[in-house]
Each structure stands twice: as C-alpha cells, then as structure tokens.
Undergrad: 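Mind looking over this structure? Questions follow.
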Amino acid sequence: MAEPAELLALARTFGDTALERWERLVSLETPSADADRAAVFGAELATSLAATADRIEHPPGPGGDHLVAYWNGSGTADDGARPGHTLLVAHSDTVFPAGTIARRPFTLAEDGDTVTGPGVFDMKGSLVAVELAMELLSRTGAAPRRPVRLVVVNDEEIGSPDGSRLVAEHAEGAHAVLGLEPPLPGGALKIGRRGVARIRLSVRGVAAHAGLDAALGVSAIDELVDQLASLRAVAASFPDAALNVGMITGGTRANVVADHAEAEIGLRYASPETERALMKAVSEPKPVRERATLSTSTLSHRPAWAMNPANPLAAELVRLAGTLGLELPLGSSGGAGDTNLTGALGIPTADGLGPAGAGAHGEDEHASLSSLLERAALIAGFLQTH
C-alpha cells in the first residue's frame, strides 16, 4: 500500500501528462443529447481506462451510450472490509454547443496552473483526475481495496433523464459514493444538495373569436397564468423553496381565444417535506375555469439531499486530505446532481471531488491543474484504504 504522501508526490510528476489529457478531453465536445459525439468521447475514455480497469461497458441510452468501468479490488473476506463497492459518479456531457471549442480553445494561463475552456471545470477535469488516480495506484503496485464502479452518464446537464437509472442501479449495494462534480468555492466538498424537478404544465382551453364570441371560449393562457400564480404562492410559503417559470408557449393570435398553452417550470427544494408539498401542488392542479383541462408531466426529478454536518464519509476524506497537507472544507450546494439520489437514499455520499475552479457553464470557466493532481492523489488514497 502506498503512503498518501507518496501518491501526492507521484501525482505532481504528472502535470504535463494531465494537461495533455485534459486538453484532449475538452477538445472532444460533448453537448447533451449528441449521440455521435458521446460515442466518440466514450471510446476515447474507454481506451484510457482500459489500462487499469477490469471491465468496461457502454450501456445505451436515448442520447447515446453511457460508460461504466469496473475494478475488482484487492480486499479479502478476512481483511476487515465490509461488503459493498465504492461508486464513483461522473458525467461526460457539457452545456456548450458544438463549435464552442473553436472560439474558446483549451488554454493554460501564464500562472502555469489555471486552465480555461468549455467543460474544463464541469467536468472534464474530474475525468482526468479519476484516470490519474487509477494510474497512481497501478504505478505504486497498489489497488482499490474494494470493488470500484465508475458510472459516467451523458445526460446529467439535462437532468439525467436516462442516466439516473444507471446511477440507481449501481448505487444498490454501494458502501460509499464519491461524486466527481466540481467542488464549491474554495475546493469544498458537497455534503448536501437542493433537489430539483422540471415539470411541464399543459392547459387545453376552447378556441373562439376574441371579439364576437369571447364568452364561448376558454383561454388556456389565462388559465395557465392563474395556475402559475397559485404555484408561486405555494412556493413562497416555504423558506427553502424556489420556483422558476423557464418557458411559456401557447395561443395562435391576438383575435383568437387561446385553446392551448403550456409552461416548463423548475422547482428547487432543500427538504423532503418541501419537495412533497411542491410536487403535490404541481401534480394535482385544480382548474380555475370550468371547461379548462390541465395535465402535468415530470421531465426530470432529483430528490433533496439534506446536509448532515456529521457525514462520516466526508469526515474520513477530510482526515485523509489532512495527511496530504490539504484543507478540505464542507458545504451544501444549491444545485442538483446525480448524487442527490444516493444521498437521499441514505448511502454515505460526498460530492465535489473534481478539481477546484469556477465559472461552470459560463465564458469564464476555469480550473486548477495543481488541484486536479491533489484530487487524484486524494481519490487514490481513499480507494486503496476503504
């Protein structure tokens, strides 16, 4: 077994290699729902992981193939390890459209540490860190103590409508889940996340001439506006709730009473109680107008993962980071991710193990090379002892 300091010292010799690999992954653009680009990226990732993994699978999905890699682990029944595997959760997709890399290429700043480019922070750097972590174990003659599974979904940025089933499948029987999302400011781990749901509310009304026969019509748009006002009032009654109407469509023209309208609604909540109240309100709407018909569909849903300051998995990661001379703050995220599911299920979960940086989804997205190397050593150190 390699000492943590040995792993960190070795990781720091991989700076140039990590940079080259990071640039390669960023250059392979992966906008969500682009099956062709997902396939190219998945093949690239699989080729690299095959150097250390015992098995790699490519589960198909509507937006292309996902990826699952397996390492068998070196533990035995008499070494004191409890049953179960370690689950690493990541994603390959980014929010940027294809072609962004031509305008904003991968760049290393003059400080020799900060890299910029689409997806460097969220979350191509995390994938480089995992590859390096496994390489560090291999180079030192060590191995993960337990079986390890790495799940890389290709639709996280749109709510993991298909990828969530893979996370749920591989979370079963896991003793710990490490999320590879970017950390909070200051490199803090995420030990809680607000839940989020995307709901489509559709209204059917009755079309009529807006001047001659307005009384014969039922405005779907008016009904939708009233429904949204009602939902906003429900959300306002909970301090940990937020509601955002992200899109509205409907009607045909100003002289026709609208017979259809719909809205896409984003809900956020920090507790299971608020989640239940919001989901009940949005899934059981009561028409204000007698002849209006309402229907809802859930586009994506992630449960709330309530923060537990005594999270034992996070405490162990903090302890391990201390042996590397690193500080590892803890916090809760206002955004949702795939670890919402595992945290809400009560599986020991810590997220934010990607390299430090900022600007996710924006023009100023950047991340730290030195942090990537440190995260790789931290992940390797955890896997060989836990």
Side-chain angles (χ1 to χ4, degrees), residues 14 16-71 88-108 115-135 148-167 169-170 179-182 337-338 354-355 357 360-363 365-367 369 372 376:
F14 278 82
D16 291 342
T17 302
L19 272 176
E20 183 179 345
R21 183 63 178 159
W22 210 347
E23 182 173 15
R24 173 61 177 163
L25 295 188
V26 170
S27 72
L28 295 176
E29 295 178 293
T30 48
S32 306
D34 189 324
D36 291 339
R37 284 185 169 82
V40 171
F41 189 88
E44 175 74 23
L45 195 59
T47 298
S48 177
L49 292 171
T52 59
D54 293 291
R55 186 168 92 256
I56 296 175
E57 298 174 348
H58 297 274
D65 291 350
H66 307 285
L67 182 146
V68 182
Y70 300 80
W71 290 262
L88 308 179
V89 179
H91 65 86
S92 59
D93 60 323
T94 70
V95 301
F96 303 103
T100 303
I101 191 69
R103 178 175 59 84
R104 198 152 54 86
F106 181 92
T107 304
L108 176 64
V115 300
T116 58
V120 293
F121 183 53
D122 189 13
M123 59 180 296
K124 301 290 177 69
S126 302
L127 297 173
V128 177
V130 170
E131 291 178 344
L132 179 54
M134 295 308 186
E135 178 68 15
V148 175
R149 301 181 196 177
L150 168 65
V151 173
V152 184
V153 304
N154 62 24
D155 58 356
E156 191 277 338
E157 295 292 6
I158 55 174
S160 298
D162 184 65
S164 59
R165 66 177 175 84
L166 278 181
V167 176
E169 174 187 338
H170 291 281
L180 302 174
E181 287 280 2
D338 288 322
H361 301 184
E363 292 285 311
E365 182 174 10
H366 60 276
L369 172 61
L372 184 152

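By convention here, the first residue in the shown sequence is residue 1.
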Undergrad: Evaluate the side chain to side chain contact (heavy atoms under 4.5 Å, CB included) criterion for residues V148 and M134: first the C-alpha distance (whole Å), next the side-chain angles of each, then the deciding distance (0.1 Å), finally the verdict.
TA: CA-CA 10 Å; V148 175; M134 295 308 186; 3.9 Å; yes
Undergrad: Check salt bridge (Lys or Arg N to Asp or Glu O under 4.0 Å) between E365 and all other residues, then give those that pass, not counting sequence neighbours.
TA: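 If we apply the salt bridge (Lys or Arg N to Asp or Glu O under 4.0 Å) test to E365, skipping adjacent residues, there are no hits.
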Undergrad: Within a strict 4.5 Å, meaning less than it, do heavy atoms of the E57 and Y70 side chains meet?
TA: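 They are in contact (side-chain heavy atoms under 4.5 Å apart), so the answer is yes.
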Undergrad: Can you see which heavy atom on P118 is nearest to which on V26, and at what distance?
TA: O-CG1, 3.5 Å
Undergrad: Do W22 side-chain atoms and V128 backbone N/O form a donor-acceptor pair below 3.5 Å?
TA: no
Undergrad: State, yes or no, whether a side-chain contact exists between V95 and S32 at a heavy-atom distance under 4.5 Å.
TA: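 A side-chain contact under 4.5 Å is absent here.
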Undergrad: To the nearest 0.5 angstrom, please state how far the NE2 atom of H91 sits from the CG atom of D122.
TA: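 It comes to 4.0 Å.
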Undergrad: Just verifying a value: how many Å separate L45 CG and E131 CD, rounded to the nearest 0.5 Å?
TA: 5.5 Å
Undergrad: What pairs with E135 under side chain to side chain donor-acceptor pair (under 3.5 Å), at least two apart in sequence or on another chain?
TA: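 Scan of E135 (side chain to side chain donor-acceptor pair (under 3.5 Å), adjacent residues dropped) gives R139.
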Undergrad: Using a 4.5 Å cut-off on heavy atoms from C-beta on, say whether the side chain of L67 contacts that of L49.
TA: yes
Undergrad: Looking at L127 and A90, what are the two nearest heavy atoms and their distance?
TA: CD2-CB, 3.8 Å
Undergrad: Using side chain to side chain donor-acceptor pair (under 3.5 Å) as the criterion, list what pairs up with S126, not counting sequence neighbours.
TA: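 Not a single residue meets the side chain to side chain donor-acceptor pair (under 3.5 Å) criterion with S126.
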Undergrad: Only counting residues at least two apart or in another chain, list the ones meeting side chain to side chain donor-acceptor pair (under 3.5 Å) with D34.
TA: R37
Undergrad: For N154 and A35, indicate whether the former's side chain and the latter's backbone hold a donor-acceptor pair under 3.5 Å.
TA: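 Looks like no, no N/O pair under 3.5 Å.
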Undergrad: Does the side chain of K124 come under 3.5 Å of the side chain of T94 through a donor N or O and an acceptor N or O?
TA: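 Short answer, no.
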Undergrad: Within the supplied structure, the quantity of interest is the number of heavy atoms (other residues, nucleotides, ligands) at a distance under 6.0 Å from E20 CD; does it exceed 12?
TA: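 No.
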Undergrad: Distance check, rounded to the nearest 0.5 Å: H66 atom NE2 versus S160 atom OG?
TA: 8.0 Å
Undergrad: Got a sec, which pairs hit salt bridge (Lys or Arg N to Asp or Glu O under 4.0 Å) with one end in residues 150-160, sequence neighbours left out?
TA: E156-R302
Undergrad: Check the pair V115 / F121 against side chain to side chain contact (heavy atoms under 4.5 Å, CB included), numbers first and verdict last.
TA: CA-CA 9 Å; V115 300; F121 183 53; over 6 Å; no
Undergrad: Ignoring hydrogens and angles, tell me if any N or O in the side chain of E29 forms a donor-acceptor pair with the backbone of F96 under 3.5 Å.
TA: no
Undergrad: Within this structure, what is the CD1-CG distance for the pair I101 and L28, rounded to the nearest 0.5 Å?
TA: 9.5 Å
Undergrad: Which heavy-atom pair separates A50 from I56 by the least distance, and what is that distance?
TA: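 Minimum heavy-atom contact is N-CD1, 3.7 Å.
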Undergrad: Supply the atom-to-atom distance W71 CH2 to L150 CG, rounded to the nearest 0.5 angstrom.
TA: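 Interatomic distance, W71 CH2 to L150 CG, rounded to 0.5 Å: 5.0 Å.
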Undergrad: Please walk me through it: do D93 and F41 pass side chain to side chain contact (heavy atoms under 4.5 Å, CB included)?
TA: CA-CA 9 Å; D93 60 323; F41 189 88; over 6 Å; no
Undergrad: Can you name the nearest heavy-atom pair linking A133 to A376, along with the distance?
TA: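 Scanning both residues, the minimum pair turns out to be CB-O, 3.4 Å.
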Undergrad: Under the side-chain hydrogen bond (donor to acceptor under 3.5 Å, both in side chains) definition, can you give me all pairs with a residue in residues 99-108, not counting sequence neighbours?
TA: R103-E363
